[in-house]
Each structure stands twice: as C-alpha cells, then as structure tokens.
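Below: the structure, in structure tokens.
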Amino acid sequence: MSEENNEEKKSVDFIREIINEHNKNGKYDSRVHTRFPPEPNGYLHIGHAKSICLNFGLAAEYNGRCNLRFDDTNPSKEEQEYVDSIKEDVSWLGFEWDEECYASDYYEQLYDWAVELIKKGKAYVCDLTDQEIREYRGTMGGGKEGTPPGKDSPHRDRSVEENLDLFTRMRDGEFEDGSKTLRAKIDMAHPNLNMRDPVMYRIQRAHHHRTGDKWCIYPMYDYTHGQSDSLEKITHSICTLEFENHRPLYDWYLDELDLYHPQQIEFARLNLTYTVLSKRRLLTLVMDKYVDNWDDPRMPTIAGFRRRGYTPEAIRNFCKRIGVAKADSRIDLALLEHCLRDDLNKRASRFMGVLDPLKVVITNYPEDGEDILEAVNNPEDESAGVRKVPFSRELYIEREDFMEDAPKKFFRLSVGREVRLRYAYFITCTEVIKDQAGNVVELRCTYDPETRGGDAPDGRKVKGTLHWVSAKHALKSEVRLYDRLFTVENPDAERDNWLNCLNPDSLEIKSEVFVEPAIAELKTGDFFQFERTGYFCVDKDTTAEKMVFNRSVGLKDSWAKIQNK
RNA sequence: UGCCCCCUAGUCUAAUGGCAGGACAGAUGAUUCUGGUUCAUUUAGUCGGGGUUCGAAUCCCUGGGGGGCAACCA
C-alpha cells in the first residue's frame, strides 16, 4: 500500500467512517448510492453546495451513484423556475446526477401504501382542525412527570372500512381543503413529538408544477422522504441535523410497510459569518427587494456567487476544507474568500483599471506621443503570455495612490517622490493642481525615458509600483464593489431584528472607471484581476456602450492594515 | 424543563486509550515591477469536577454550555 493510501485512511469524517464500516460488513453489498434532495421552493445556496459536494463527492469516491431528487410535496410553494435553477446550479458546480427523480412520481405508490397502512389499522382519517391537532399533540417540557402526553383524536378509532371510504373520498375531492387529514396511528404519549400520530396527507387544491390538478391531497414530507429513498435503493441518506428526530418516524413507515431501509446520517448544516442561509430569509431579501434578485452578487445563493465571479472550483475546494461534522458551527467568510483568491491567483489574467481616477500629465512627454508597452498577463502562469498596453502623455492613476503629506510608510506618489508605473516608466511628481475648493484635480509629473519597461539601467529602486491607464485609450466602464450583506457576524441571532443588520454599504457603484483597452475582448462571466485592486468578472449588465464589472473579492491589503493601526 | 444531538486555539477541523496536529484569521521577517503571490518564523486549544487506567481530548459518572423539535412546511 502506498503512503498516500495510509494518509487517507488516517483521517476520514464520521460519514465516511460509517460507509467504510458498511462496506466492511457488507450491509449494502458495498454499494454506495446517495441523493441530493432539494425542495424546489427557492434557489440553492452555499449551504446546499456543502450537501451537494458531500453527496456527489461520496458517490464519486466510492464508485457509486447519486440521484438528484426533487422533494416536491408542497405545491403551494414550489415552482418550475426553481427546478430549472437547481439543475443549472448543480451542473455549474460540476456534478452530474445519475437519475433525475421527483417525489411526485411516487404519489400513486405513496397513496397505495397509505391504503395499506389504513388496512393494517395503522392510519386513520382525522377531522380535527390544524389548531386542534396542535392542542391534542401536547407540548414539550412542562410538568415534573415529563412531557405532557397528547390526547387521542376522537376519530382515532374509526373502522378500517370507514377510513378507507373517507380516504378515497378525500382523494376524490369530496371534502374542503384542510377539513380532514390522514394520520399515522402511533402513540400520542410518545416522548418524540414526531411520533404523536403525525399527519400523512392533507387536502390542498393547489396546482402542482408536475402533476397539475390531478391530486387534491398531497403527502407530507415526513411520509414521503423515507419511502422515496427506499424506492431509489439509496444506501446512505444524508441530511441535516434537524431531521434526526424524524428518523424514528421514517423507520416506522419503512417497518410497517416492510420496505428496504437506507441508513440516514445527519450532519451539521453550513453557517457562514455575516450571512443568512435560511430559505425563508433569502426569500424575504428577494421578494421585499432588499437585493435585486436571487442572483444578486451579494446573495449567498449559487446563482449569486456565480454572478459575483466565484468559480465552481473555489466553492468545491471550500466545501472540502470546511469538513463535515455534527457540531453546529459558523465558518469564517474569510475562508471562502481565501479559496476564491487561491483559485483565481493561479488562473486570472491581470489587467489595469483605475476605479477612482486622478489625472496625471507627464510634462516631459511629447504632446502627441504614444507608446506601446508589453505587460505580463499572469505572473503565476507563464503560458498566459503577454499583451500590449498603450501609454501617452495623459494618464489616470488611482486617487488613493497620491498623498500630499505622505508618511514614511507610504510608498506611493507624493510631490518629489518617484514611483514606477507598472510595465511603463518611473515618474516623479513635480506639481499638484487643485481646484478652488482645494481638491487635488491633477498631478504634473516627469518621466525617465531610460526606465522604459519598468527598470532603471542605473539600478536605482523605487518603493512603489502603481497601476495606470492612458487617458485617451481608456475605456470608461462601471464597477460594482460588494461588501458583506450584514454588519453582524450572526444575523440569525438577531431574531426579528435581522433586517436591521443589513449593511447599507454592501453595494458601491463606481461609474467613472477607466480601464485598459484589452479588457474589451472579455465576455460576460469572464474573470480577471485588476492589478492591486482585486478579482473581478464581467457582469451580464454589460452593453456595447459600457462594460460592467463585479468585484468578486479584493486582494489582501497589507497597506490597509498598516493604516488601521 | 420532555426527547434528541453536540462541546479541541479567535474560527473550522484532525488525533479512534499512547508526542494535541493542520487550515483560515492574527503577528513578525525575507523575497517581489501587484503593499498581491511565495517563503520562513510565531501567538493561540481539549467546558468544569470526579472515576476507570501504567497512560484519557478519547471510556464511565456528574455538573455546565450550545443547538434542534410543539406546520395540514421541508
């Protein structure tokens, strides 16, 4: 055995441990068949990415299979748009599902099983209202004697014949929405509330995105999920922690119906600092227009990250690095950003763009002079080649790269100081032009023709290197800078106050941005780096007249750290 | 206060009864035509108490803390 193999055996997460054990004892004939089971009631987010990477990753690692299954049991909240977006996002992340399944394809089978349970005396039609069901179920905590037991429904002892008749008529549409339910007959005193005669079917006249108006009764998730896994011969049914208490119920259905048992394994869902990941809250952000849409680059949705300029590679790497465990945790957003930088540093072409322009006139450069300089596209990847960058007498540099009363640690431009313009010349600032209000509006500089390309033949060094663009060659474009959507690390802890923690500065639009002409070749979705400012991508709002760029993530900025001290 | 789950540096995660390690974040320095990258160094941890054991992050007991569950949602 190679060392590598030993290394791998050294450290596996608890899920892989369970699977290894199963493979050793032959529980599933060494089969590994997982599934990713979203409900199509919203867009996928980074938390789903964790689950996707886990389920599809497991299948790939163990030479198994992974289904994409839509748990579409609540037609009032589900839509085809969400089905489409989910498929697009899973594919974009780089995964291929073996079978595309829908819980709604099992409706007929589920119905037959419900009839079977009724015949066994294990299910009954109940006329209690939702309010009454809640009251009869009892509550958590309470008395010294333990959880107060629930009360039996008055309809609990209906005959099999009556239940069969009633359930058939429920399906036939004889009863009002919500007027009756089918319930499992388990134990109203069970310490696990999920086992106190849970609802299996409710009456709901809603148009289903796949079954249309065929049904007016719909199975509950809890009655559907376990059997769906069973039908698909799933071996390891991986889900999040909140379903742990439901596992006995899934097992109960499977046992009573004498069906194949997958092994359910629960793990802790992903939480991210400065982010909300609950579907309900994301829906609020979109519907109430706190963000533009599901793919707003500030959204933690897969679509949002894609538009923001995140790569599938970065997200997959992130999911690998956060691991999987049962302890609740909240991952530092900085780790996600690190994964993006790590990927893009190796792959993104560099360009120059000035976000906050300050005009510079090179006084000793010919009026109509022009020069074409050569720039390296990616210092981390020689195969990326070089490009041409035009230079002329009037340039733009970044406003923050000039300071009048510059401290020693400021390596950039100031009157009398010499810096390098990247891939161009050394320049020295000679004069500051201000408007009547005293704002710096222009810099006069001289250049040293001997330093063409960026090195001085006499060997002298400069501390700073600035990015720049030639004024007459520059393309005017728009840049959108993003910051965290929330001002607090854990918006969830704010309860109903969470919307008050939205970061008012999460979006900053720079509409007077000047970029080098080579940028024009880029297409929507392409990623690149603006040297010294960050990684960007071309937004879909780009038009023939104006390009629009999203900043995906900034570069690490040690100057900012020095300033903050 | 019923049931279930969890507790290792600031954060996340390893160590499966035998030297508490890695990553991110932080700090310091070197290199650098990006104050980027890279490299080196470095700060920092087993929730408390008791027990079993030659030996406990790990097993047991107990206390504490965190999370989940009372939709005809998933």
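Note that the structure is predicted; figures quoted are calculated from it, not measured. Atom set for the values below is all heavy atoms of this structure, side chains included, hydrogens, waters and symmetry mates excluded. Order of the sequence lines sets the chain letters (A, B, ...), proteins ahead of strands, with each chain counted from 1.
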N/O-N/O pairs, protein side and nucleotides 72-74 of chain B side, under 3.5 Å:
unit_1	atom_1	unit_2	atom_2	d
C72(B)	OP2	Arg137(A)	NH2	3.4
C72(B)	N3	Gly178(A)	O	2.9
C72(B)	N4	Leu128(A)	O	2.8
C72(B)	N4	Asp130(A)	N	3.3
C72(B)	N4	Gly178(A)	O	2.7
C73(B)	OP2	Arg202(A)	NE	2.9
C73(B)	OP2	Arg202(A)	NH2	2.7
C73(B)	O3'	Arg202(A)	NH2	3.3
C73(B)	O2'	Asn74(A)	ND2	2.9
A74(B)	OP1	Thr73(A)	O	3.3
A74(B)	OP1	Thr73(A)	OG1	2.7
A74(B)	OP1	Arg202(A)	NH2	3.1
A74(B)	OP2	Tyr221(A)	N	2.9
A74(B)	N6	His246(A)	NE2	3.4

Subject >> Worked check of ring-ring contact (aromatic ring centres under 6.0 Å, His included) between Phe243(A) and Tyr221(A) >> reply: CA-CA 11 Å; Phe243(A) 293 106; Tyr221(A) 173 87; 5.5 Å; yes
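- Remark: Tyr253(A) pairs with Tyr223(A) by the ring-ring contact (aromatic ring centres under 6.0 Å, His included) rule, at least two apart or across chains.
- When heavy atoms are screened at a 4.0 angstrom cut-off, Ile562(A) is found touching base atoms of the nucleic acid.
- If you take CZ of Arg532(A) and P of U32(B), they are 18 Å apart, rounded to a whole angstrom.
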Could you run down the sub-3.5 Å N/O contacts of the protein with nucleotides 5-8 of chain B?
unit_1	atom_1	unit_2	atom_2	d
C5(B)	O4'	Glu244(A)	OE1	3.4

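- With both ends at atom P, the span from C60(B) to G26(B) equals 39 Å, rounded to whole Å.
- The P atoms of A23(B) and A14(B) are separated by 15 Å, rounded to the nearest whole Å.
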For nucleotides 23-29 of chain B, list the nitrogen or oxygen atoms of the protein found under 3.5 Å from its nitrogen or oxygen atoms, one pair per line.
unit_1	atom_1	unit_2	atom_2	d
A23(B)	O3'	Arg321(A)	NH2	3.1
A23(B)	O2'	Arg321(A)	NH2	2.3
G26(B)	OP1	Lys561(A)	NZ	3.0
U28(B)	OP1	Lys565(A)	NZ	3.3

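- Atom pair Arg183(A):CZ and A71(B):C1' shows a separation of 13 Å (rounding to whole Å applied).
- Here the C1' atom of nucleotide C12(B) and the CZ atom of Arg269(A) are 18 Å apart, to the nearest Å.
- As rounded to the nearest Å, G67(B) and G55(B) have P atoms that lie 37 Å from one another.
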Output a table of nitrogen or oxygen pairs between the protein and nucleotides 41-43 of chain B separated by less than 3.5 Å.
none

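- Contacts of Phe267(A) with the nucleic acid, taken as non-hydrogen atoms under 4.0 Å apart, are absent.
- The pair Lys151(A)-Glu135(A) fails the salt-bridge criterion, with no side-chain N (NZ, NE, NH1 or NH2) lying under 4.0 Å from an Asp/Glu carboxylate O.
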Original post:
Please, what dot-bracket string fits RNA chain B when only Watson-Crick and G-U pairs with both distances under 3.5 Å count, crossing ones use [ ] and pairs to another strand use |?
Top reply: .((((((..((((....[..)))).(((((.......)))))....(((((..]....))))))))))).....
**OP:** Decide yes or no on ring-ring contact (aromatic ring centres under 6.0 Å, His included) for Trp559(A) and Phe411(A), but give the supporting numbers first.
**Re:** CA-CA 10 Å; Trp559(A) 169 237; Phe411(A) 300 154; 7.3 Å; no
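- Spacing between U41(B) and C47(B) at atom P, rounded to whole Å, works out to 29 Å.
- The shortest distance between the side-chain N/O atoms of Arg196(A) and the OP1/OP2 oxygens of A70(B) is not below 4.0 Å.
- Partners of Gln80(A) by side chain to side chain donor-acceptor pair (under 3.5 Å), not counting sequence neighbours, listed by chain and number: Asp84(A).
- Aromatic pair Tyr43(A)/His48(A): centroids not less than 6.0 angstrom apart.
- A salt bridge does not link Asp177(A) with Arg202(A): every distance from a Lys NZ or Arg NE/NH1/NH2 to an Asp or Glu carboxylate oxygen is 4.0 Å or more.
- Between Asn378(A) and Val324(A), the one whose closest nucleotide on RNA chain B sits nearer the 5' end is Val324(A).
- Distance CG (Asp492(A)) to C1' (G66(B)): 15 Å, rounded to an integer number of Å.
- Between the side chains of Asp343(A) and Thr311(A), at least one donor N or O sits under 3.5 Å from an acceptor N or O.
- Comparing the P positions of A27(B) and G63(B) gives an interatomic distance of 43 Å, to the nearest angstrom.
- The closest side-chain donor-acceptor pair between Glu232(A) and Asn67(A) falls under 3.5 angstrom.
- Between the SG atom of Cys216(A) and the CD atom of Glu174(A) there is a distance of 10.0 Å, given to the nearest 0.5 Å.
- The side chain to side chain donor-acceptor pair (under 3.5 Å) check on Arg281(A) picks up Asp492(A), with sequence neighbours excluded.
- Partners of Glu450(A) according to the side chain to side chain donor-acceptor pair (under 3.5 Å) rule, which considers only residues two or more places apart in sequence or in another chain, do not exist here.
- Every residue meeting the ring-ring contact (aromatic ring centres under 6.0 Å, His included) condition with Phe530(A), not counting sequence neighbours, appears here in chain and number order: Phe528(A), Phe536(A), Phe549(A).
- Side chains of Asn41(A) and Glu39(A): a donor-acceptor N/O pair is present below 3.5 angstrom, by distance only.
- Put simply, the side chain of Arg412(A) and the base of G35(B) share a donor and an acceptor less than 3.5 Å apart.
- Residues passing the ring-ring contact (aromatic ring centres under 6.0 Å, His included) test with Tyr124(A), sequence neighbours excluded: none.
- A donor-acceptor contact under 3.5 Å links the side chain of Glu380(A) to the base of G36(B).
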Indicate every side-chain donor-acceptor pair of residues 332-342 of chain A with a distance under 3.5 Å to a residue at least two apart or in another chain.
unit_1	atom_1	unit_2	atom_2	d
Asp332(A)	OD1	Ala334(A)	N	3.0
Arg341(A)	NE	Gly554(A)	O	2.7
Arg341(A)	NH2	Gly554(A)	O	3.3

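- Gln529(A) comes within 4.0 angstrom of a base, heavy atoms only.
- Across G48(B) and A57(B), the matching C1' atoms stand 14 Å from one another, rounded to whole Å.
- For the OP1/OP2 pair of U11(B) and a distance below 4.0 Å, the side-chain nitrogens and oxygens of Ser329(A) include no atom meeting the criterion.
- Screening Leu466(A), Leu358(A), Asp356(A) for a side-chain contact (heavy atoms from CB on, under 4.5 Å) involving Glu398(A) leaves a single residue, Asp356(A).
- Between the P atom of C39(B) and the CG atom of Asn345(A) lies a distance of 11 Å, rounded to the nearest Å.
- If you take CG of Leu193(A) and P of G68(B), they are 16 Å apart, rounded to a whole angstrom.
- The distance between atom CE of Met200(A) and atom C1' of A71(B), rounded to the nearest whole Å, is 17 Å.
- In this structure, Glu531(A) places its CD atom 11 Å from C1' of U37(B), rounding to the nearest Å.
- Ring centroids of Tyr396(A) and Phe514(A) are separated by less than 6.0 Å, placing the two rings close together.
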